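Remember, it's a predicted structure, so these values are computed and weren't measured experimentally. Every heavy atom of this structure was used, including side-chain atoms; hydrogens, water molecules and symmetry mates were not.
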Amino acid sequence: MSAINRFLIENKLRIATNPCVSPDFCLDWPALRDEMRASKAVKVYPKSRVETAAGAFTLVENTQGDCAWRLEGDAAKADALHDAVALSDGTTVFPATFANLLKLKNLIQAHQPASTVFPTAAEQLGRSTLGIGARFTTLHWPAVEWAMSALSLGVTANQNSIPRELVYDTDVMLAGKLDTVPFPFIGTNVPEGHQGQSVEGMSHGCVLSKLKTGFHRRGIPWSFNADHQPIGGKFDSREDALVTGCVLASYITFDLSPELAQTKVADDAGGWVAAQVPAALVATVKARVAAAGLTLNEGDFAKLLAYVWPSLQKMKVRDGKYAAVRAKLFTTEVGRAYLRELSIDELPGLTTPETTAIMLALCEALGMKIHFVAPAFGFQKNMPYPDNAALRTLIEKQWAVCRSFGASIGFHSGSGKSAENYQVMGQVTGGRLEIKTSGRYTYEMGRALFASKNAADQALWRDWYKFTLELALLGATSADPTEQKLARVFITDALAKSGQSTEVFSHPTATRAALEALPASPEHMFWFEYNFLHVLAAGGRAEKAALGDHTPAGYQQRARFYAISDEGRLNFAKNIASYIVFLAENTGLVPAATCAAAQKLLAGYTSLDVMLNDISK
């Protein structure tokens, strides 16, 4: 038994109430095996049935959330997966381990190359997609599947920053050696993987979710984005672990910022480039940029190239490792393919068309096809862009470059924009875009619990709201200037929008009285900014030391969200699906009539089971 599975079992943190922590979806195979041998009842997911040359596999699950693959058919092979057990009814069962998931991927894609059980790099997904991130729990997945099915639209249905949001190595986690991530607005560092899930666990769970609902029967391709994969800097030492953990991702976002942060540009940038960068490559890049209709300033070009060249060399090495591990583990071309996104919004200032062209030309010259590039447009998270005419101009300049390179535009910090903003994005690019919306879905959970009539849901909502209020108050009096400034911005925004005075910082008691006088609401900015940290806060405490807690105390807190009522889950699912439909309509990815029909259908659901049953139709 692996160390993580033992930890979870010993602390009664089972998959049914704490999924995706272990890479495996079977923590205790001997117990599940014995249950099935004794013909004890297990839940069968008939819609999960999938054919392979070895026979037909169906997913089964016990009350603890441990899963197994049941294999049947005349051609059924006991050696199809690891740890086979023959049952008296003639079927063979295998534990739902991560190792077996990788083998099953090969079996399915060899038999059905067009299968949509697993995420893929299907052509349309490399042109247009909506990034549906999971910064919080995995409870949004069925709603995403419903939206994709109702709209006949494939999206990036799983998206996480790794290792920032997901645990990249559970052994490192158990040893208490995870690195930390700075959160300036909180005035502290929080351990990596602050959601609690492992990257392999998320990869595994997202596939099983689509099998349980029967989404794969719809034949709609979907992707999994390993977002903000850090290149260089302190991440060099664990590069191989990051590569291995992301093996099921069909879409990689390369984030050069760790290496850029430690790169010093020589005073004589031109001389450095002449000595360090192959002259033929420089000439190729210049010619390619000129072909895109842009004129380069030689001095600016040399400075940019001297700045980014070390990180691009490391990106090339990392890209080769992503390809190599897929070639080693997967037997089909469809199983090995992945999309690439280059994130350049970390470069200083608003991104110029020249910078975008140079970066795309460099990647092209290095043999790395870029499907999406993410320039900086000056977006703020969860805030509309204030000037649609100015936004249109910015995007038009970037799109002229991207179109000449066959790349689509990635819009990061894309949630919370106005309908008009999304319309501009879609109109200018003709739908050749990606919009990342991770921040939205925690907010939608807050709305769901706030609206629920269930007493336990209301108790969780009150605790959650109180948690964010306390963090805001803590920040408002912090000695850290950044933490204090931002906390006060969040507080004054909530007060102003509620029609209250914002002159409340004369004394901590005045600040507290003003905030506690506000009706609890998921619309308050301070709730939105701090909410995601509640999921793994030990004991739910609003204390910096409690945040991102990977001990049993943190995971017991996480279990509270997986225990919400059916009403809360239905509210959440409808909120998520409605927002995806809104995005699809306003970006022009789906006709308005189709979106209107989906919204009408969505509004009529009073049962989560009925909603989920419609996914496979």
Side-chain angles (χ1 to χ4, degrees), residues 23 98-99 101-110 113 115 118-127 129 156 158-163 166 168-169 199-200 202-204 207 221-232 235-256 258-259 278 281 284 308-344 359-374 405-408 410 434:
F98 192 72
L101 185 71
L102 299 184
K103 290 198 71 173
L104 188 61
K105 174 176 173 171
N106 286 331
L107 289 172
I108 292 172
Q109 292 180 330
S115 166
F118 287 85
T120 64
E123 182 179 3
Q124 185 57 34
L125 289 167
R127 295 167 56 85
T129 190
T156 304
N158 192 25
Q159 179 177 286
N160 280 98
S161 296
I162 304 163
L166 299 184
Y168 83 100
D169 187 317
V199 57
E200 296 98 334
M202 287 288 281
S203 305
H204 201 158
V207 170
W222 58 284
S223 62
F224 163 28
N225 175 216
D227 198 8
H228 285 287
Q229 286 289 277
I231 304 300
F235 296 96
D236 283 341
S237 62
R238 48 180 163 146
E239 180 170 69
D240 292 342
L242 290 171
V243 167
T244 302
C246 296
V247 72
L248 282 177
S250 60
Y251 173 13
I252 306 292
T253 296
F254 293 87
D255 180 353
L256 308 180
E259 187 67 17
L281 184 141
T284 297
V308 302
W309 182 244
S311 61
L312 284 169
Q313 289 180 293
K314 290 189 175 184
M315 175 180 167
K316 177 64 176 175
V317 172
R318 176 77 67 84
D319 185 61
K321 290 185 176 184
Y322 286 129
V325 73
R326 284 161 175 75
K328 176 183 177 181
L329 292 173
F330 303 134
T331 58
T332 67
E333 287 305 308
V334 69
R336 294 171 173 174
Y338 60 96
L339 305 170
R340 299 181 189 87
E341 178 181 43
L342 178 63
S343 178
I344 57 175
M359 298 301 291
L360 288 172
L362 282 165
C363 289
E364 186 177 87
L366 289 169
M368 295 183 289
K369 163 66 179 173
I370 299 299
H371 299 87
F372 297 95
V373 61
F405 283 88
S408 298
E434 170 222 36

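- The side-chain tip of R340 does not point at the ring of Y251 from less than 6.0 angstrom away and within 45° of straight on.
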Problem set entry | Audit row: Y168, T244, side-chain contact (heavy atoms from CB on, under 4.5 Å) steps and yes/no | CA-CA 9 Å; Y168 83 100; T244 302; over 6 Å; no
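- Between the side chain of K314 and the backbone N or O of E259, no donor-acceptor pair lies under 3.5 Å.
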Exercise. How far apart are the C-alpha atoms of N225 and T253, what are their side-chain angles, what is the distance that settles it, and do they pass the side-chain contact (heavy atoms from CB on, under 4.5 Å) test?
Worked result: CA-CA 7 Å; N225 175 216; T253 296; 3.1 Å; yes
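- In terms of modelled atom types and a separation under 3.5 Å, the side chain of S408 and the main chain of R127 share a donor-acceptor contact.
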Exercise. Which is it for H228 and I162 under the side-chain contact (heavy atoms from CB on, under 4.5 Å) test, yes or no, and what are the steps along the way?
Worked result: CA-CA 7 Å; H228 285 287; I162 304 163; over 6 Å; no
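- Nearest heavy-atom pair, P23 versus F98, reported as atom, atom and distance to 0.1 Å: O-CB, 3.6 Å.
- Nearest heavy-atom pair, S203 versus F224, reported as atom, atom and distance to 0.1 Å: OG-CE2, 3.1 Å.
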For this session: Could you walk me through whether L342 and C363 pass the side-chain contact (heavy atoms from CB on, under 4.5 Å) test, one step at a time?
Result: CA-CA 9 Å; L342 178 63; C363 289; 3.9 Å; yes
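- Within the 4.5 Å cutoff, no side-chain heavy atoms of V325 are placed close to those of D240.
- With K316 contributing its side chain and M368 its backbone, the two residues share no donor-acceptor pair below 3.5 Å.
- Annotation: the span from I252 atom CD1 to S343 atom OG amounts to 13.5 Å, rounded to 0.5 Å.
- Taking OG1 of T129 as the start and NE2 of H371 as the end, the distance is 12.5 Å to the nearest 0.5 Å.
- In this structure, R318 contributes its side chain and P230 its backbone to a donor-acceptor pair below 3.5 Å.
- The side-chain heavy atoms of I370 and E364, taken from C-beta on, include no pair separated by under 4.5 Å.
- Heavy atoms only, all atoms of each residue included: L125 and L339 are closest at O-CD1, 3.6 Å.
- Taken to the nearest 0.5 Å, the CD atom of E434 stands 4.0 Å off from the CD atom of E341.
- Residues V247 and F330 come closest through the heavy atom pair O-CE1, 3.5 Å.
- In this structure the side chain of L281 reaches within 4.5 angstrom of the side chain of L366, judged on heavy atoms.
- Side-chain atoms of L329 and L102, non-hydrogen and from C-beta on, do get closer than 4.5 Å to each other.
- Here OH of Y322 is found 5.5 Å from SG of C246. Values are rounded to the nearest 0.5 Å.
- Atom CZ of F118 sits about 15.0 Å away from atom OG of S223, to the nearest 0.5 Å.
- Of the N and O atoms on the side chains of T120 and S250, not one donor lies less than 3.5 Å from an acceptor on the other residue.
- Taken from CD in Q109 to OG1 in T331, the straight-line distance is 8.0 Å, to the nearest 0.5 Å.
- No side-chain heavy atom of L104 sits under 4.5 Å from any side-chain heavy atom of V207.
- Look at E239 and K321 and you find a salt bridge, because one of the NZ, NE, NH1 or NH2 atoms lies within 4.0 Å of a carboxylate O, short of that distance.
- For the pair T332/P113, no side-chain contact is recorded, criterion being any heavy-atom separation below 4.5 Å from C-beta on.
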